[in-house]
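Just below is one structure, and these are the notes that go with it.
Bear in mind that the values here come from a model prediction, so they are computed numbers and not experimental data.
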Amino acid sequence: DAGITQSPRHKVTETGTPVTLRCHQTENHRYMYWYRQDPGHGLRLIHYSYGVKDTDKGEVSDGYSVSRSKTEDFLLTLESATSSQTSVYFCAISDKGGQPQHFGDGTRLSIL
Amino acid sequence: AQSVTQLGSHVSVSEGALVLLRCNYSSSVPPYLFWYVQYPNQGLQLLLKYTSAATLVKGINGFEAEFKKSETSFHLTKPSAHMSDAAEYFCAVSDSGTYKYIFGTGTRLKVLA
(Lines give C-alpha, C1' and ligand atoms only; values in the text may rest on other atoms or scores of the structure.)
Protein backbone atom coordinates (compact mmCIF):
# COMPACT_ATOMS: atom_id res chain seq x y z
CA ASP A 1 0.00 0.00 0.00
CA ALA A 2 1.10 3.54 -0.77
CA GLY A 3 2.39 5.41 2.25
CA ILE A 4 -0.29 8.00 2.96
CA THR A 5 -1.37 8.84 6.48
CA GLN A 6 -4.17 11.21 7.35
CA SER A 7 -4.58 12.62 10.82
CA PRO A 8 -6.75 12.76 12.71
CA ARG A 9 -9.02 10.00 11.41
CA HIS A 10 -12.01 11.36 13.29
CA LYS A 11 -12.74 14.77 14.73
CA VAL A 12 -15.73 16.47 16.27
CA THR A 13 -15.59 20.20 16.80
CA GLU A 14 -17.80 23.24 17.17
CA THR A 15 -18.81 25.89 14.68
CA GLY A 16 -16.35 28.76 14.52
CA THR A 17 -13.29 26.85 15.67
CA PRO A 18 -10.20 26.40 13.51
CA VAL A 19 -9.41 22.90 12.29
CA THR A 20 -6.29 21.55 10.61
CA LEU A 21 -6.11 18.20 8.87
CA ARG A 22 -2.78 16.66 7.99
CA CYS A 23 -1.76 14.46 5.11
CA HIS A 24 1.64 12.81 5.26
CA GLN A 25 3.19 10.76 2.44
CA THR A 26 6.31 8.65 2.23
CA GLU A 27 6.24 8.18 -1.56
CA ASN A 28 8.01 11.42 -2.49
CA HIS A 29 5.22 12.18 -4.98
CA ARG A 30 5.09 15.68 -6.35
CA TYR A 31 1.34 16.16 -6.46
CA MET A 32 -1.02 16.15 -3.50
CA TYR A 33 -4.76 16.76 -3.34
CA TRP A 34 -7.49 17.36 -0.81
CA TYR A 35 -11.02 16.17 -1.58
CA ARG A 36 -14.25 16.12 0.34
CA GLN A 37 -16.79 13.34 -0.06
CA ASP A 38 -20.48 13.96 0.51
CA PRO A 39 -23.49 11.78 -0.31
CA GLY A 40 -24.82 12.52 -3.77
CA HIS A 41 -21.77 14.55 -4.75
CA GLY A 42 -18.99 12.02 -5.10
CA LEU A 43 -15.58 13.52 -4.44
CA ARG A 44 -14.93 17.19 -5.01
CA LEU A 45 -11.50 18.78 -5.20
CA ILE A 46 -10.80 21.42 -2.56
CA HIS A 47 -7.16 22.31 -3.19
CA TYR A 48 -4.16 20.70 -4.76
CA SER A 49 -0.41 21.11 -4.72
CA TYR A 50 2.06 20.64 -7.54
CA GLY A 51 5.16 21.15 -5.44
CA VAL A 52 6.51 22.61 -2.23
CA LYS A 53 4.84 25.98 -1.65
CA ASP A 54 2.91 25.57 -4.94
CA THR A 55 -0.82 25.22 -4.43
CA ASP A 56 -4.01 26.09 -6.25
CA LYS A 57 -7.76 26.04 -5.74
CA GLY A 58 -10.13 23.30 -6.73
CA GLU A 59 -13.86 23.48 -7.30
CA VAL A 60 -14.94 23.90 -3.65
CA SER A 61 -12.14 25.94 -2.08
CA ASP A 62 -14.18 28.60 -0.24
CA GLY A 63 -13.58 28.41 3.51
CA TYR A 64 -10.44 26.29 3.15
CA SER A 65 -6.74 27.04 2.95
CA VAL A 66 -3.75 24.77 2.46
CA SER A 67 -0.04 24.77 2.99
CA ARG A 68 2.82 22.62 1.81
CA SER A 69 6.14 23.51 3.37
CA LYS A 70 7.78 20.18 2.53
CA THR A 71 7.19 17.41 0.03
CA GLU A 72 5.73 14.93 2.47
CA ASP A 73 3.14 17.09 4.22
CA PHE A 74 0.01 18.80 2.93
CA LEU A 75 -2.16 20.59 5.47
CA LEU A 76 -5.80 21.56 5.05
CA THR A 77 -7.12 24.29 7.34
CA LEU A 78 -10.66 25.39 8.05
CA GLU A 79 -10.12 28.84 9.55
CA SER A 80 -13.60 29.02 11.08
CA ALA A 81 -15.46 25.76 10.72
CA THR A 82 -19.11 25.75 9.66
CA SER A 83 -21.66 22.93 9.75
CA SER A 84 -21.60 22.75 5.94
CA GLN A 85 -18.01 21.56 6.19
CA THR A 86 -19.06 18.38 7.95
CA SER A 87 -17.77 15.75 5.57
CA VAL A 88 -15.24 13.02 4.97
CA TYR A 89 -11.95 14.44 3.74
CA PHE A 90 -9.53 12.49 1.59
CA CYS A 91 -5.96 13.22 0.71
CA ALA A 92 -4.52 11.83 -2.51
CA ILE A 93 -1.09 11.79 -4.09
CA SER A 94 0.31 11.18 -7.54
CA ASP A 95 3.49 11.47 -9.51
CA LYS A 96 1.48 12.69 -12.52
CA GLY A 97 -0.49 15.88 -12.44
CA GLY A 98 -4.25 15.59 -12.60
CA GLN A 99 -4.39 11.87 -11.91
CA PRO A 100 -4.65 11.04 -8.21
CA GLN A 101 -3.24 7.57 -7.88
CA HIS A 102 -3.32 6.79 -4.19
CA PHE A 103 -5.78 7.89 -1.54
CA GLY A 104 -5.55 8.04 2.21
CA ASP A 105 -8.16 6.38 4.40
CA GLY A 106 -9.99 9.64 5.08
CA THR A 107 -10.78 11.94 7.98
CA ARG A 108 -14.35 12.05 9.20
CA LEU A 109 -15.02 15.60 10.40
CA SER A 110 -18.18 16.59 12.23
CA ILE A 111 -18.90 20.23 13.01
CA LEU A 112 -21.66 20.82 15.51
CA ALA B 1 -17.18 21.68 -19.15
CA GLN B 2 -16.31 18.22 -18.04
CA SER B 3 -18.89 16.08 -16.33
CA VAL B 4 -19.47 12.47 -15.43
CA THR B 5 -22.79 10.73 -14.96
CA GLN B 6 -23.11 7.38 -13.27
CA LEU B 7 -26.46 5.77 -13.94
CA GLY B 8 -27.84 4.02 -10.90
CA SER B 9 -26.71 4.92 -7.42
CA HIS B 10 -27.35 1.33 -6.31
CA VAL B 11 -26.91 -1.87 -8.31
CA SER B 12 -27.59 -5.40 -7.07
CA VAL B 13 -26.38 -8.56 -8.77
CA SER B 14 -26.30 -12.20 -7.81
CA GLU B 15 -23.00 -13.87 -7.10
CA GLY B 16 -21.64 -15.22 -10.38
CA ALA B 17 -23.69 -12.84 -12.51
CA LEU B 18 -22.39 -10.16 -14.84
CA VAL B 19 -21.53 -6.82 -13.28
CA LEU B 20 -22.26 -3.73 -15.38
CA LEU B 21 -21.76 -0.26 -13.94
CA ARG B 22 -22.51 2.62 -16.24
CA CYS B 23 -20.56 5.82 -16.76
CA ASN B 24 -21.12 8.52 -19.35
CA TYR B 25 -18.90 11.54 -19.70
CA SER B 26 -18.78 14.85 -21.43
CA SER B 27 -15.54 16.52 -22.31
CA SER B 28 -14.53 19.08 -24.88
CA VAL B 29 -11.21 17.35 -25.50
CA PRO B 30 -10.12 13.70 -25.53
CA PRO B 31 -10.40 12.69 -21.91
CA TYR B 32 -8.63 10.46 -19.50
CA LEU B 33 -11.14 8.19 -17.78
CA PHE B 34 -10.83 6.24 -14.56
CA TRP B 35 -12.70 3.81 -12.37
CA TYR B 36 -12.08 3.65 -8.64
CA VAL B 37 -13.42 1.34 -5.95
CA GLN B 38 -14.05 2.31 -2.34
CA TYR B 39 -14.51 -0.23 0.43
CA PRO B 40 -16.13 0.88 3.72
CA ASN B 41 -14.04 3.27 5.79
CA GLN B 42 -11.26 3.30 3.22
CA GLY B 43 -9.99 5.62 0.55
CA LEU B 44 -10.42 5.08 -3.16
CA GLN B 45 -8.37 2.51 -5.01
CA LEU B 46 -7.66 2.84 -8.72
CA LEU B 47 -9.23 -0.05 -10.68
CA LEU B 48 -8.27 0.99 -14.20
CA LYS B 49 -7.68 3.97 -16.44
CA TYR B 50 -8.05 4.92 -20.08
CA THR B 51 -5.49 7.34 -21.49
CA SER B 52 -6.13 7.13 -25.26
CA ALA B 53 -4.34 3.87 -25.89
CA ALA B 54 -6.42 0.67 -26.27
CA THR B 55 -10.15 1.26 -25.98
CA LEU B 56 -10.64 -1.90 -23.91
CA VAL B 57 -8.89 -1.46 -20.62
CA LYS B 58 -8.26 -4.27 -18.19
CA GLY B 59 -7.92 -3.52 -14.52
CA ILE B 60 -7.45 -5.27 -11.24
CA ASN B 61 -9.75 -7.88 -9.69
CA GLY B 62 -11.06 -9.03 -13.10
CA PHE B 63 -12.70 -5.72 -14.03
CA GLU B 64 -12.50 -4.12 -17.44
CA ALA B 65 -13.99 -1.10 -19.17
CA GLU B 66 -14.48 -0.10 -22.77
CA PHE B 67 -14.12 3.44 -24.04
CA LYS B 68 -16.79 4.18 -26.66
CA LYS B 69 -16.36 7.63 -28.09
CA SER B 70 -19.55 7.46 -30.17
CA GLU B 71 -21.57 6.78 -27.03
CA THR B 72 -19.41 8.91 -24.70
CA SER B 73 -19.38 5.95 -22.35
CA PHE B 74 -16.88 4.10 -20.21
CA HIS B 75 -18.88 1.30 -18.59
CA LEU B 76 -17.26 -1.03 -16.08
CA THR B 77 -17.86 -4.77 -16.36
CA LYS B 78 -16.90 -8.01 -14.71
CA PRO B 79 -18.09 -11.37 -16.07
CA SER B 80 -18.78 -12.99 -12.73
CA ALA B 81 -19.50 -11.12 -9.51
CA HIS B 82 -17.91 -12.17 -6.27
CA MET B 83 -19.06 -11.29 -2.78
CA SER B 84 -15.84 -9.35 -2.27
CA ASP B 85 -16.83 -6.99 -5.11
CA ALA B 86 -19.44 -5.34 -2.91
CA ALA B 87 -18.27 -1.74 -2.61
CA GLU B 88 -18.87 1.70 -4.04
CA TYR B 89 -17.50 2.46 -7.48
CA PHE B 90 -16.63 5.87 -8.87
CA CYS B 91 -16.04 6.93 -12.42
CA ALA B 92 -13.83 9.97 -13.02
CA VAL B 93 -12.75 12.10 -15.96
CA SER B 94 -9.77 14.34 -16.46
CA ASP B 95 -8.75 16.47 -19.39
CA SER B 96 -5.23 15.42 -20.26
CA GLY B 97 -2.65 17.73 -18.77
CA THR B 98 -4.97 19.47 -16.33
CA TYR B 99 -5.75 19.11 -12.67
CA LYS B 100 -9.49 19.23 -13.23
CA TYR B 101 -10.40 15.76 -12.18
CA ILE B 102 -14.15 15.24 -11.91
CA PHE B 103 -15.71 12.32 -10.05
CA GLY B 104 -19.14 10.84 -10.58
CA THR B 105 -21.51 10.48 -7.67
CA GLY B 106 -20.79 6.78 -7.26
CA THR B 107 -22.60 3.47 -7.64
CA ARG B 108 -22.94 1.15 -4.67
CA LEU B 109 -22.71 -2.47 -5.76
CA LYS B 110 -24.42 -5.13 -3.71
CA VAL B 111 -23.71 -8.81 -4.41
CA LEU B 112 -26.40 -11.25 -3.40
CA ALA B 113 -25.60 -14.80 -2.32
When you group the ILVMFWY residues by side-chain heavy-atom contacts below 4.5 Å and let the links chain together, are [Y] and [X] in the same group?
| X | Y | value |
| --- | --- | --- |
| B:Val13 | B:Tyr39 | yes |
| A:Leu75 | A:Val60 | no |
| B:Leu112 | B:Val11 | no |
| B:Leu56 | B:Ile60 | no |

Within this structure, what is the [atom1]-[atom2] distance for the pair [X] and [Y], rounded to the nearest 0.5 Å?
| X | Y | atom1 | atom2 | value |
| --- | --- | --- | --- | --- |
| A:Phe90 | B:Gln42 | CZ | CD | 9.5 Å |
| B:Ile102 | A:Leu43 | CD1 | CG | 11.0 Å |
| B:Leu44 | A:Asp105 | CG | CG | 11.0 Å |

Under 4.5 Å from any heavy atom of chain B - which part of A:Arg9: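 Only the side chain of A:Arg9 comes within 4.5 Å of chain B.
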Region of A:Gln37 that comes under 4.5 Å of a non-hydrogen atom in chain B: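 Interface part for A:Gln37: side chain.
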Contacting region of B:Gln45 [heavy-atom separation from chain A under 4.5 Å]: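 Contact with chain A is absent: no heavy atom of B:Gln45 under 4.5 Å.
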Other residues, nucleotides, ligands: >12 heavy atoms within 6.0 Å of A:Arg108 CZ: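 Check fails, neighbour count at 12 or below.
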